[in-house]
J.: 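The structure follows.
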Amino acid sequence: MGPYGSTVCSGVSSSASSSSSSSVTKPPAEIDGYLADAGYKVRSSDLRHVAQRLERLETVMVNSPNDLSQLASDAVLYNPSDIATWVDSLLSEFNHQPLISLPSDLDFPDVIINPTDLPNDTWTDPLPPPQQHHHQLTVVTAMEEDSGIRLVHLLVTCAESVQRGDLALAGSLIENMQTLLTRVNTSCGIGKVAGYFIDALSRRIFSHQSVASAHENELLYHYFYEACPYLKFAHFTANQAILEAFQGHDCVHVIDFNLMHGLQWPALIQALALRPGGPPLLRLTGIGPPSPDGRDSLREIGLRLAELARSVNVRFAFRGVAASRLEDVKPWMLQVSPKEAVAVNSIMQLHRLLGSDPNRNSPIEMMLGWIRNLNPKIVTVVEQEADHNKTGFLDRFTEALYYYSTMFDSLEACAMQPEKALAEMYIQREICNVVCCEGAARVERHEPLGKWRARLGQAGFRPLHLGSNAFKQASMLLTLFSAEGYRVEENDGCLTLGWHSRPLIAASAWQVMPTAEATTANQPVGVINQNNNANHV
């Protein structure tokens, strides 16, 4: 049976069908008997040429998926049982130019005329074009699925070779994967993800590592914010928790560990302006990297926020703290007043402190210690729901491959262009850091919510339940995106945002645990259990 089965032949006259049947039963001497039994007509002398054309057709179909719809809706459908003519006709459609057809012996017509051009009584069982389109797409999907499975297998094998230190084998696998990558669609799906991980492995193996500037990261962060709901979810959820914690306070102070254009704070300023009884005095301390060109970019952001606050009658004060690393920030830089209600806000920043140095105290221990000493009303923490801080490289690589595959799947559902392409560059840099770097250079040390619960609890914090308002805010946010795969879920007082069944980002809120309560719970305040939550190098 040919690729389209007997359904295609039902559109031909009965005489043609009987002729086809007799020719399959008794093929001419020139026709290859094995292929004739399967329903294909190919001369034995043409087998090599047909094989070459089939290989060419496969390459064209994989690399030109957009042309498939044109083929599927074309009015002239060539009989696929004659492989030579069928392949040539498809290639000519792709190339938009005639090809030299291979010779073939046909016992029935090889052209089916568009049924709309014939009288109504001529066609008794017409074949709608969409069925052709569906079949061709299935062929391409099967080819890509096979290549995708092979790519994943080679990626894991390559990571295993890197872990063993066999860089020669890993290098040869990189070459194999780069060749295989040409057979899949790299604009979406596993082809795109594999391309990023192959690039990251190549940089690690051949020491082609590049360091992105803080300014570039800020720009890409902005596009990631615009393209998908993850950062918006983080900001909305944290803002709602902060707003509730500030109720009844006339002087409030937000300490933002990553100001990043101040994208989070216009919504909070406007919400405070509408607070019953009038807005409080709002102080905002924004931490960010120094500007590469010598400009005081933090101050410029503060001025824009001050103008917004003035327009809605909110008293506002801003202080910028320039620091290349979060661990370089000291409490005295923040100028916290005991009369203020303080909120500490960390959006995807605390994981950068999980690296350990035997010559000094753990950065995360020191940071959580002085945060606790500030006695904040609330600490909002948003982190990637992933485990990219494992000791073994293979485990870390496999987890990252799974996590970022889901992340890219979710991005495909977003219609923002060109923001989506630049947002993918933001994620690509995360992948490179997880895969390429070690030691102090590896800062993308994501850990799941369960580990953060244990770490913050042992550091003297207790969880604050993110209420129904935060859940409603997050759910309303998703209505701005047409994709139905995004899902907000509640997890023991925390909220997660994910794609279908996989959580990708987790938001939580914390407050300082009273010393007496911490003692009763038999938890040493400010000490991390290194046996259970080691900060891996």
J.: If only atom types and distance count, is the side chain of Ser202 paired as donor or acceptor with the main-chain N or O of Ile198 below 3.5 Å?
T.: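 Side chain of Ser202 to backbone of Ile198, a donor-acceptor pair under 3.5 Å: no, none is there.
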J.: Counting distance only, does the side-chain N/O of Tyr486 pair as donor-acceptor with the main-chain N or O of Ser410 below 3.5 Å?
T.: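 Flag set: sc Tyr486 to bb Ser410 pair under 3.5 Å.
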J.: Could you report the tightest heavy-atom contact between His446 and Tyr404, atom names first, then the distance?
T.: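 In this case the closest contact between His446 and Tyr404 is CE1-OH, 3.4 Å.
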J.: Would you call Arg442-Glu430 a salt bridge at under 4.0 Å N-O?
T.: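 No, this pair does not count.
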J.: Could you tell me whether the side chain of Gln163 and the main chain of Phe393 form a donor-acceptor pair under 3.5 Å?
T.: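 Answer holds: yes.
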J.: Answer yes when Arg396 and Asp387 have at least one side-chain N-carboxylate O distance shorter than 4.0 Å, and no when they do not.
T.: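 Salt bridge between Arg396 and Asp387, a charged N being under 4.0 Å from a carboxylate O: no.
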J.: We want to know whether His351 and Gln349 form a side-chain donor-acceptor pair, criterion being a heavy-atom distance below 3.5 angstrom.
T.: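 Checked: His351/Gln349 side chains show no N/O donor-acceptor pair below 3.5 Å.
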J.: Check Leu495 against Thr237 and note the closest heavy-atom contact, atom names and distance.
T.: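 Here Leu495 and Thr237 meet closest at CD1-CG2, 4.0 Å.
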J.: Test the Arg455-Trp452 pair against the cation-pi criterion, namely NZ or CZ under 6.0 angstrom from the six-membered ring centroid and within 45° of the ring axis.
T.: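 Arg455 over Trp452 ring: yes.
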J.: Just say parallel, tilted or perpendicular for the rings of Tyr403 and His388, cut-offs at 30° and 60°.
T.: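 Taking His388 first and then Tyr403, their aromatic rings stand perpendicular (interplane angle over 60°).
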J.: Rounded at 0.5 Å granularity, tell me how far SG in Cys228 sits from CZ in Phe408.
T.: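 So the gap between those two atoms works out to 10.5 Å.
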J.: Please check: side-chain N/O of Glu383 versus main-chain N/O of Leu350, any donor-acceptor pairing under 3.5 Å?
T.: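 Yes; judged by distance alone, with no hydrogens or angles, the pair exists.
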J.: Do we get Arg429 above Tyr196's six-membered ring, with its NZ or CZ under 6.0 Å from the centre and within 45° of the axis?
T.: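 Here Arg429 fails the 6.0 Å and 45° test against Tyr196.
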J.: Using every non-hydrogen atom in the two residues, find where Arg204 and Cys437 come nearest and quote the distance to one decimal.
T.: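 Looking at all heavy atoms of both residues, the shortest contact is NH1-O, 4.2 Å.
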J.: Please evaluate residues Asn491 and Thr496 with respect to the criterion side-chain hydrogen bond (donor to acceptor under 3.5 Å, both in side chains), reporting the C-alpha separation (whole Å), side-chain torsions for both, the decisive distance (0.1 Å), and the verdict.
T.: CA-CA 7 Å; Asn491 184 338; Thr496 63; 5.8 Å; no
J.: Kindly check if the number of other-residue, nucleotide or ligand heavy atoms within 6.0 Å of NE2 (His153) is above 12?
T.: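 No, NE2 of His153 has 12 or fewer neighbouring heavy atoms, counting only those of other groups under 6.0 Å.
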J.: Between Glu438 and Ala441, is there a donor-acceptor pair closer than 3.5 Å when you use the side chain of the first and the backbone of the second?
T.: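 Side chain of Glu438 to backbone of Ala441, a donor-acceptor pair under 3.5 Å: no, none is there.
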J.: Donor-acceptor check, side chain of Thr182 to backbone of Thr179, threshold 3.5 angstrom: yes or no?
T.: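 Flag set: sc Thr182 to bb Thr179 pair under 3.5 Å.
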J.: Under 4.5 Å between any side-chain heavy atoms of Thr380 and Val344, yes or no?
T.: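 Result no, sub-4.5 Å side-chain heavy-atom pair not found.
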J.: Leu449 and Glu385: which non-hydrogen atoms are nearest, and at how many Å?
T.: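 Looks like N-OE1, 2.9 Å.
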J.: Regarding Gln264 and Asp256, do their side chains bring together a donor and an acceptor under 3.5 Å, going by distance alone?
T.: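 There is no such pair (donor and acceptor under 3.5 Å, judged by atom type) between the side chains of Gln264 and Asp256.
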J.: Run the salt-bridge test on Glu327 and Arg352 with the 4.0 Å N-O cut-off and return the result as yes or no.
T.: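 Looking at Arg352 together with Glu327, the answer is no, because their closest N to O distance does not fall below 4.0 Å.
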J.: Testing the basics here: between Ala241 and Ala509, what is the closest heavy-atom pair and its distance to 0.1 Å?
T.: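 Here Ala241 and Ala509 meet closest at CB-CB, 4.5 Å.
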J.: Work out which heavy atom in Phe197 is nearest to a heavy atom in Leu155; give both atom names and the distance.
T.: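 Of all heavy-atom pairs spanning Phe197 and Leu155, the closest is CB-CD2, 4.0 Å.
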J.: Side-chain contact, heavy-atom cut-off 4.5 Å: Ile174 with Gln178?
T.: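 Yes - at least one pair of side-chain heavy atoms lies under 4.5 Å apart.
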J.: Do the charged groups of Lys420 and Glu226 touch, with an N to O distance under 4.0 Å?
T.: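 Salt bridge between Lys420 and Glu226, a charged N being under 4.0 Å from a carboxylate O: no.
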J.: Any side-chain heavy atom of Ile427 sitting closer than 4.5 Å to one from Leu220?
T.: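 No, side chains not in contact.
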J.: Tell me, do Leu231 and Leu263 make a side-chain contact under 4.5 Å, heavy atoms counted?
T.: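 No - every pair of side-chain heavy atoms lies 4.5 Å or more apart.
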J.: Could you check whether any side-chain heavy atom of Ile190 comes within less than 4.5 Å of a side-chain heavy atom of Val152, counting everything from C-beta outward?
T.: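 The answer is yes, as the side chains (C-beta and beyond) meet within the 4.5 Å cut-off.
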J.: Is the backbone N or O of Thr157 less than 3.5 Å from a side-chain atom of Ser161, with the two atoms forming a donor-acceptor pair by type?
T.: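 Looks like yes, one N/O pair under 3.5 Å.
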J.: If you define the side chain from C-beta out and look only at heavy atoms, does anything of Arg150 sit under 4.5 Å from Arg183?
T.: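 Yes, their side chains come closer than 4.5 Å.
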J.: I'd like to know if the side chain of Ser297 reaches the main chain of Ser291, judged simply by a donor and an acceptor atom lying under 3.5 Å from each other, with no hydrogens or angles considered.
T.: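 No: the side chain of Ser297 does not pair with the backbone of Ser291.
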J.: Is the distance between the ring centroids of His261 and Tyr225 under 6.0 Å?
T.: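 Judged by ring-centre distance (under 6.0 Å), Tyr225 and His261 do not meet the cut-off.
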J.: Assess whether a salt bridge exists between Lys192 and Glu412, defined as any Lys/Arg side-chain N lying under 4.0 Å from an Asp/Glu carboxylate O.
T.: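 Salt bridge flag = yes for Glu412 with Lys192.
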J.: Under the 3.5 angstrom rule, does the side chain of Ser207 hit a backbone N or O of Arg203 as a donor-acceptor pair?
T.: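 It does not hold such a pair.
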J.: Under 4.5 Å between any side-chain heavy atoms of Ile371 and Phe461, yes or no?
T.: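 Sidechains of Phe461 and Ile371: in contact.
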J.: Backbone N or O of Ala238 within a donor-acceptor pair of the Asn345 side chain at under 3.5 Å?
T.: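 No.
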